[in-house]
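First the structure, in the form of structure tokens, and then the observations on it.
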Amino acid sequence: GYYKEGDVINITMEFTDTVFVTTTNGTPQLTLNSGAVVDYTSGTGNAILTFKYTVAAGDISSNLDYDSTSALALNDGTIKDDCGNAAIVSLFSPGVIGSLGGNKDIVIDNTDPSAFTVGTVSSVGGTVVDSYFGLSNTGISIVVPINNDNSLIGGVVQILSKNTTGSFKSLGDETTITSSDINTNLTITISNSTFSSFSEYANNNVMYFNAIITDSPGNSTTGTKSNS
């Protein structure tokens with residue numbers, strides 16, 4: 001899955017036996033390939049330890065993993081078995097089965113979707129006149145370009161509109177981006193009833209259209225308004 005700034009990921013590490021962690025002088029830490037260093041948080045007295053990772057601004061990884069076989073550092077803490085023997089803290093090589101990256105498919109994405117300009121806006125159904133919307137029209141269609149970016153799958157597009165004196169507000173419901181929408185021009189149709197009852201709708205006035213694209217992790221970009 002995709003994660004962004006503020007999201008929390010609980011990373012678990014399984015040992016062959018029950019282990020006990022002491023943090024009196026320091027807390028064991030795990031260094032990740034996203035640039036983060038995360039602390040041990042729970043699990044002492046069990047075979048599975050948990051390290052809590054809160055994604056920070058600037059963190060990025062196309063496949064989250066720890067950064068090396070020595071990524072688990074005791075940091076003046078201890079991890080021992082019930083006989084008092086120090087646990088082996090050398091890890092599987094990153095990327096292989098048994099490693100974080102080999103077992104999970106986690107993407108850290110703090111990047112906003114690419115800039116875009118809303119495309120053609122046109123009335124549909126009824127008597128269609130270029131650049132006009134009438135009550136005989138069944139709706140209005142807005143073209144929004146969707147970039148070739150898989151992080152957009154499962155994200156949403158929200159159409160915005162305003163009149164000449166108002167401010168942009170959400171028009172209609174969000175549209176979910178599917179895999180078939182990637183690298184295409186997505187046409188979103190707003191019904192007559194939704195458009196004509198819109199708070200910014202003004203008869204005999206010019207209406208403007210824009211959109212917000214939000215990717216799967218929740219990063220968003222507001223486009224440039226349509227010129228048509």
Side-chain angles (χ1 to χ4, degrees), residues 1-114 146-156 176-183 214-220:
Y2 286 86
Y3 297 83
K4 68 176 183 66
E5 179 184 359
D7 290 338
V8 176
I9 304 170
N10 287 317
I11 299 171
T12 58
M13 183 174 298
E14 185 172 2
F15 291 80
T16 55
D17 296 301
T18 298
V19 292
F20 297 86
V21 182
T22 60
T23 58
T24 304
N25 296 317
T27 301
Q29 295 178 320
L30 185 65
T31 300
L32 303 175
N33 66 357
S34 65
V37 178
V38 297
D39 290 340
Y40 156 82
T41 54
S42 64
T44 188
N46 295 279
I48 298 176
L49 303 183
T50 298
F51 294 75
K52 182 179 179 181
Y53 174 29
T54 301
V55 181
D59 289 0
I60 187 168
S61 175
S62 60
N63 184 27
L64 184 67
D65 210 336
Y66 42 78
D67 74 345
S68 69
T69 57
S70 57
L72 176 57
L74 293 176
N75 191 36
D76 292 328
T78 66
I79 302 175
K80 296 181 179 181
D81 65 16
D82 55 3
C83 294
N85 301 306
I88 296 173
V89 295
S90 179
L91 306 176
F92 289 105
S93 296
V96 305
I97 297 299
S99 70
L100 174 60
N103 288 359
K104 301 292 184 180
D105 185 14
I106 298 173
V107 178
I108 305 301
D109 181 359
N110 276 312
T111 305
D112 293 336
S114 299
I146 306 299
N147 194 34
N148 188 15
D149 178 358
N150 285 335
S151 73
L152 297 175
I153 298 172
V156 296
T176 300
I177 301 170
T178 67
S179 58
S180 60
D181 297 323
I182 298 301
N183 203 29
T214 303
D215 63 15
S216 178
N219 306 297
S220 63

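In what follows, every heavy atom counts, from backbone to side chain, and hydrogens, waters and symmetry copies are set aside. In what follows, residues are counted from 1 in the order of the sequence shown.
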Let me check something: any side-chain donor-acceptor pairs from residues 1-27 under 3.5 Å, sequence neighbours excluded? List them with distances.
| unit_1 | atom_1 | unit_2 | atom_2 | d |
| --- | --- | --- | --- | --- |
| Asp7 | OD2 | Lys4 | N | 2.8 |
| Thr22 | OG1 | Thr78 | N | 3.4 |
| Thr22 | OG1 | Thr78 | OG1 | 2.2 |

Provide the closest heavy-atom pair for [X] versus [Y] in the form atom of the first, atom of the second, distance.
X	Y	answer
Ser99	Ser93	CB-O, 3.5 Å
Ser68	Leu91	O-CD1, 4.2 Å
Ser220	Thr214	CB-OG1, 3.4 Å

Quiz item: Are side-chain heavy atoms of Leu30 and Val37 found at a separation under 4.5 Å?
Solution: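 No, too far: nothing below the 4.5 Å cut-off.
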
Practice problem: Indicate yes or no: at least one non-hydrogen side-chain atom of Pro113 is less than 4.5 angstrom from one of Leu152. | Solution: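 Yes, at least one pair of side-chain atoms sits under 4.5 Å.
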
Could you tell me the separation between the [atom1] atom of [X] and the [atom2] atom of [Y], rounded to the nearest 0.5 Å?
X	Y	atom1	atom2	result
Asp112	Asp215	CG	CG	7.5 Å
Asp76	Leu74	CG	CG	8.5 Å
Asp181	Asn147	CG	CG	13.0 Å
Asn219	Asp109	CG	CG	5.0 Å
Leu32	Asp65	CG	CG	8.5 Å
Ser62	Ile106	OG	CD1	12.5 Å

Quiz item: Pairs in or reaching into residues 30-43: which pass side-chain hydrogen bond (donor to acceptor under 3.5 Å, both in side chains), with residues at least two apart or in two chains?
Solution: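 Sorted result for residues 30-43: Gln29-Asp39, Asn33-Ser61, Ser34-Tyr53.
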
Exercise. Could you tell me whether a side-chain N or O of Asp81 sits under 3.5 Å from a main-chain N or O of Cys83, the two making a donor and an acceptor?
Key: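 Yes: the side chain of Asp81 pairs with the backbone of Cys83.
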
Quiz item: Are any side-chain N or O atoms of Asn75 and backbone N or O atoms of Gly77, one a donor and one an acceptor, separated by less than 3.5 Å?
Solution: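 Side chain of Asn75 to backbone of Gly77, a donor-acceptor pair under 3.5 Å: no, none is there.
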
Exercise. Sort out for me which residue in Ile177, Ile182, Thr178 forms a side-chain contact (heavy atoms from CB on, under 4.5 Å) with Ser180.
Key: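 Exactly one candidate clears the test, Thr178.
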
Quiz item: For Pro28, which of Leu49, Val89, Val38, Ile79 qualifies under side-chain contact (heavy atoms from CB on, under 4.5 Å)?
Solution: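 Only one option passes, and that is Ile79.
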
Exercise. Walk me through it: do Leu100 and Leu64 pass the test side-chain contact (heavy atoms from CB on, under 4.5 Å)?
Key: CA-CA 7 Å; Leu100 174 60; Leu64 184 67; 4.1 Å; yes

Quiz item: Can you name the residues that form a side-chain hydrogen bond (donor to acceptor under 3.5 Å, both in side chains) with Asn110, not counting sequence neighbours?
Solution: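 Partners of Asn110 under the side-chain hydrogen bond (donor to acceptor under 3.5 Å, both in side chains) test: none.
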
